[in-house]
Structures are given as structure tokens and as C-alpha cells.
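Bear in mind that the values here come from a model prediction, so they are computed numbers and not experimental data.
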Amino acid sequence: MPATVWKGYLSFGLVTFPIRLFAAARAERVHFHMLHKKDLSRVKEVWYCAAENKPIARSEIVKGYETGKDKYVVVDDEDLKKIAPPTATTMEILQFVKANDVDPIFFETSYYVIAEEKVRKPYALLVAALTETKYDAIAKIAMHNREHVVILRAAEGGLVLHTMYYPDELHTTNRVETPKNKFTSKELELAKTLVSHLAGEFKPAAFHDSYRQNVERLIEQKKKGQKITTISQPRRAPVIDLTEALKRSLKVTASRAGKKKAVRRNVA
């Protein structure tokens with residue numbers, strides 16, 4: 001059984017039923033340990049008190065919010081439990097929206113929503129309603145020390161939940177408007193042709209983290225005392241003739257497509 005991220009109730013109108021949230025995804029990385037360079041022994045994290053100039057136990061640590069220079073308000077877990085909103089235990093659906101109405105830039109983290117065994121009917125009813133109406137649900141839930149606005153959508157016979165950023169959390173000042181450069185109709189047609197050549201069904205399994213694979217190969221080669229395989233980086237020159245660059249791009253994609261078809265025929 002996977003670890004439960006959140007446990008509570010989902011409220012759909014006057015219908016309320018118990019659910020659990022499980023993590024839907026997690027980025028996989030190669031993890032390194034911190035070592036002492038001199039003898040390669042593991043380095044331990046030490047909690048250190050600056051005022052007393054000595055290490056302290058984790059049990060002696062409390063959380064504090066800085067209100068001024070060296071002034072803090074101490075807040076413990078019991079304090080936070082007392083002021084937790086109702087959404088800490090009940091996730092209430094507030095409205096329904098068309099899926100295309102929500103910009104994916106708001107999406108943060110994904111979870112699977114699972115109903116408890118004894119109350120599967122209202123869960124199945126909500127999934128069916130969302131599927132047939134093609135609507136997603138907007139709700140609020142408090143977990144991980146904050147209240148989230150979330151979107152619930154029907155997916156593969158179940159519910160998937162995405163926590164979302166609030167508008168003031170988006171870094172809109174980093175957004176750059178599209179440059180107002182002029183291009184010819186021929187250049188646009190070539191660009192659209194290139195798009196059509198590269199268009200296809202999204203198949204997640206076709207994509208792999210080559211960086212992680214390279215790191216794993218690096219570790220294996222160093223473990224065996226072998227020479228490290230160096231990855232050559234492509235040289236990118238500034239585009240001088242946009243039309244010519246697009247034409248060459250089309251030739252390259254056409255050549256790759258031909259090779260893929262040949263491989264499929266040989267496999268068949």
C-alpha cells in the first residue's frame with residue numbers, strides 16, 4: 001500500500017465521502033552523499049546553536065517566525081492545529097470549469113484520489129459526471145502547511161488532483177512578450193510544414209532522461225576504473241537566413257522519418 005499523503009473527506013454538494021491522496025509522480029534523480037574529501041567518510045548534519053556555540057539535539061529545536069532583529073514568535077504544531085481551516089479535513093468542491101479554462105502554468109503537484117472501500121458509489125458517480133460533462137472540479141484543501149486551490153479531473157476511470165499556484169505566486173514579471181519581428185508568408189508556411197512533419201501522438205514512454213543515464217554510466221565507469229565517456233555538445237550558430245534554415249530543417253526531419261519507417265519494416 002502506498003503512503004497516504006492526505007486523508008479526509010471530499011464534499012460534492014450534499015454528498016460527502018472519505019478519500020485518500022497518493023502521490024502520482026516523483027522526479028527520479030541520481031542521489032549523491034556528502035563525503036569528507038580526506039577519507040571519504042560520510043558527513044553528518046549537525047544542528048548548531050550560534051548563541052551557545054555548541055551542537056544541540058533536534059528535540060531542543062522549535063519553529064519561530066522572525067518579527068524583527070533577533071525577535072521571534074515561537075509556533076508549535078499544536079498552535080497550527082488550532083487554526084487549521086475546515087479544508088484540513090474536508091475538501092469541498094466549489095465550482096466546475098471546462099478543462100481548457102485553466103492554464104497549465106497554474107499546475108503544481110499531482111495526486112491520485114482514492115475512495116475508501118465502503119463508499120465507492122459516490123466516487124464513481126462523480127467520475128462519471130465529470131467524464132460525461134467534460135468539466136473539471138475546483139476545490140480547496142489544506143495540507144503541507146498551506147491551503148491549496150486544486151483541480152480534480154476524471155482520468156482513466158478515476159480522479160486525479162492537481163494542486164495549483166495562486167496568481168500572486170506566478171512570476172509574471174519574468175514573462176516576455178513575443179518580439180514584434182516581421183516574417184514573410186513563405187517563412188510561416190515553411191514553419192507550419194515543419195510543425196506538421198514533427199506532429200504525432202504523445203507517447204511518454206518514448207522519452208528518457210539522458211542526463212540521469214549518463215550520470216549512471218559515469219558512476220559505473222569510475223567504479224570499474226574505465227575511461228569516462230565524454231558527450232560532445234552541438235555547436236549552434238546564429239541563424240542568418242531563416243528561410244534556408246527552415247528548408248534544411250525539413251530535409252533533416254524527412255530523412256529521420258524515412259529511417260524510422262525503414263527500422264519499423266525491418267522489425268516487422
Side-chain angles (χ1 to χ4, degrees), residues 1-29 77 80-81 83-178 195 199-209:
M1 189 71 175
T4 300
V5 176
W6 185 87
K7 180 181 179 181
Y9 292 86
L10 175 58
S11 178
F12 169 38
L14 297 178
V15 179
T16 302
F17 53 94
I19 61 166
R20 293 173 184 261
L21 297 186
F22 299 111
R26 182 185 65 184
E28 295 293 340
R29 298 180 177 87
D77 291 340
L80 294 174
K81 285 181 181 180
I83 55 89
T87 50
T89 55
T90 302
M91 176 168 51
E92 182 180 2
I93 293 177
L94 304 173
Q95 70 175 116
F96 296 93
V97 298
K98 289 292 185 183
N100 293 336
D101 288 348
V102 181
D103 190 330
I105 198 171
F106 284 97
F107 290 2
E108 183 185 12
T109 309
S110 302
Y111 299 92
Y112 291 119
V113 183
I114 308 299
E116 298 288 8
E117 286 288 343
K118 297 180 180 179
V119 285
R120 292 293 177 88
K121 186 175 180 178
Y123 177 91
L125 178 63
L126 179 57
V127 172
L130 294 177
T131 301
E132 294 193 18
T133 60
K134 293 182 171 56
Y135 271 91
D136 293 340
I138 300 293
K140 294 185 78 174
I141 177 177
M143 63 177 180
H144 302 157
N145 298 323
R146 63 174 288 170
E147 187 175 53
H148 301 266
V149 175
V150 301
I151 186 166
L152 291 153
R153 62 183 183 85
E156 299 180 355
L159 289 176
V160 173
L161 177 150
H162 305 282
T163 58
M164 296 195 292
Y165 293 109
Y166 287 97
D168 62 352
E169 294 176 325
L170 298 182
H171 295 172
T172 54
T173 55
N174 293 343
R175 185 172 53 202
V176 179
E177 293 185 4
T178 303
V195 170
E201 180 184 353
F202 176 55
K203 298 179 179 179
F207 298 91
H208 304 280
D209 182 354

Closest heavy-atom pair and its distance - Ala88, Ala84: CB-CB, 4.0 Å

From Ile114 atom CD1 to Arg120 atom CZ, the distance as rounded to the nearest 0.5 Å: 7.5 Å

Identify all side-chain donor-acceptor contacts of residues 142-150 below 3.5 Å with residues at least two apart in sequence or on another chain.
| residue | atom | partner | partner atom | Å |
| --- | --- | --- | --- | --- |
| Arg146 | NH1 | Glu169 | OE2 | 3.0 |
| Arg146 | NH2 | Glu169 | OE1 | 3.2 |
| Arg146 | NH2 | Glu169 | OE2 | 3.0 |
| Glu147 | OE1 | Lys140 | NZ | 3.1 |
| Glu147 | OE2 | Thr87 | OG1 | 2.5 |
| His148 | NE2 | Met143 | O | 3.2 |

Criterion side chain to side chain contact (heavy atoms under 4.5 Å, CB included) on Phe96 and Ile138, from CA distance to verdict: CA-CA 6 Å; Phe96 296 93; Ile138 300 293; over 6 Å; no

Counterpart residues, side-chain contact (heavy atoms from CB on, under 4.5 Å), relative to Phe207 (two or more places apart): Phe202

Lys/Arg-Asp/Glu bridge criterion (N-O < 4.0 Å) met for Lys134, Glu132: no

Approximate separation, where rounding is to 0.5 Å, of Leu152 CG and Phe12 CZ: 11.0 Å

For Ala3 against Phe22, the heavy-atom pair lying closest together: O-CD2, 3.2 Å

Nearest-0.5 Å distance that lies between atom CD1 in Ile141 and atom CG in Leu161: 6.5 Å

Point-to-point distance, once rounded to the nearest 0.5 Å, from CD1 of Ile19 to CE of Met91: 3.5 Å

Heavy-atom neighbours of Tyr9 OH exceed 12 at 6.0 Å: no

More than 12 heavy atoms from other groups under 6.0 Å of CG on Asn100: no

Non-hydrogen atoms of Val5 and Ala23 that approach each other most closely: CG2-N, 3.7 Å

Minimum side-chain heavy-atom gap Gln95-Ile93 below 4.5 Å: no

Within 6.0 angstrom of Lys203 NZ, more than 12 heavy atoms from elsewhere: no

Glu28, CD atom: more than 12 neighbouring heavy atoms under 6.0 Å: yes

Spacing of Thr4 atom OG1 and Tyr111 atom OH [to the nearest 0.5 Å]: 12.5 Å

Enclosure of Ile83 CD1 (heavy-atom neighbours >12, cutoff 6.0 Å): yes

Phe17 atom CZ: more than 12 heavy-atom contacts under 6.0 Å: yes

Quick one: side chains of residues 122-130, donor-acceptor pairs under 3.5 Å with protein atoms, not counting sequence neighbours, listed by atom name and distance.
| residue | atom | partner | partner atom | Å |
| --- | --- | --- | --- | --- |
| Tyr123 | OH | Val113 | O | 2.6 |
| Tyr123 | OH | Leu159 | N | 2.8 |

Under 3.5 Å side-chain donor-acceptor pair for Thr163 and Glu108: yes

Gap separating the CE atom of Met164 from the CD1 atom of Ile105, nearest 0.5 angstrom: 13.0 Å

Residue pair Ile151, Phe107: steps toward the side chain to side chain contact (heavy atoms under 4.5 Å, CB included) verdict: CA-CA 9 Å; Ile151 186 166; Phe107 290 2; 3.8 Å; yes

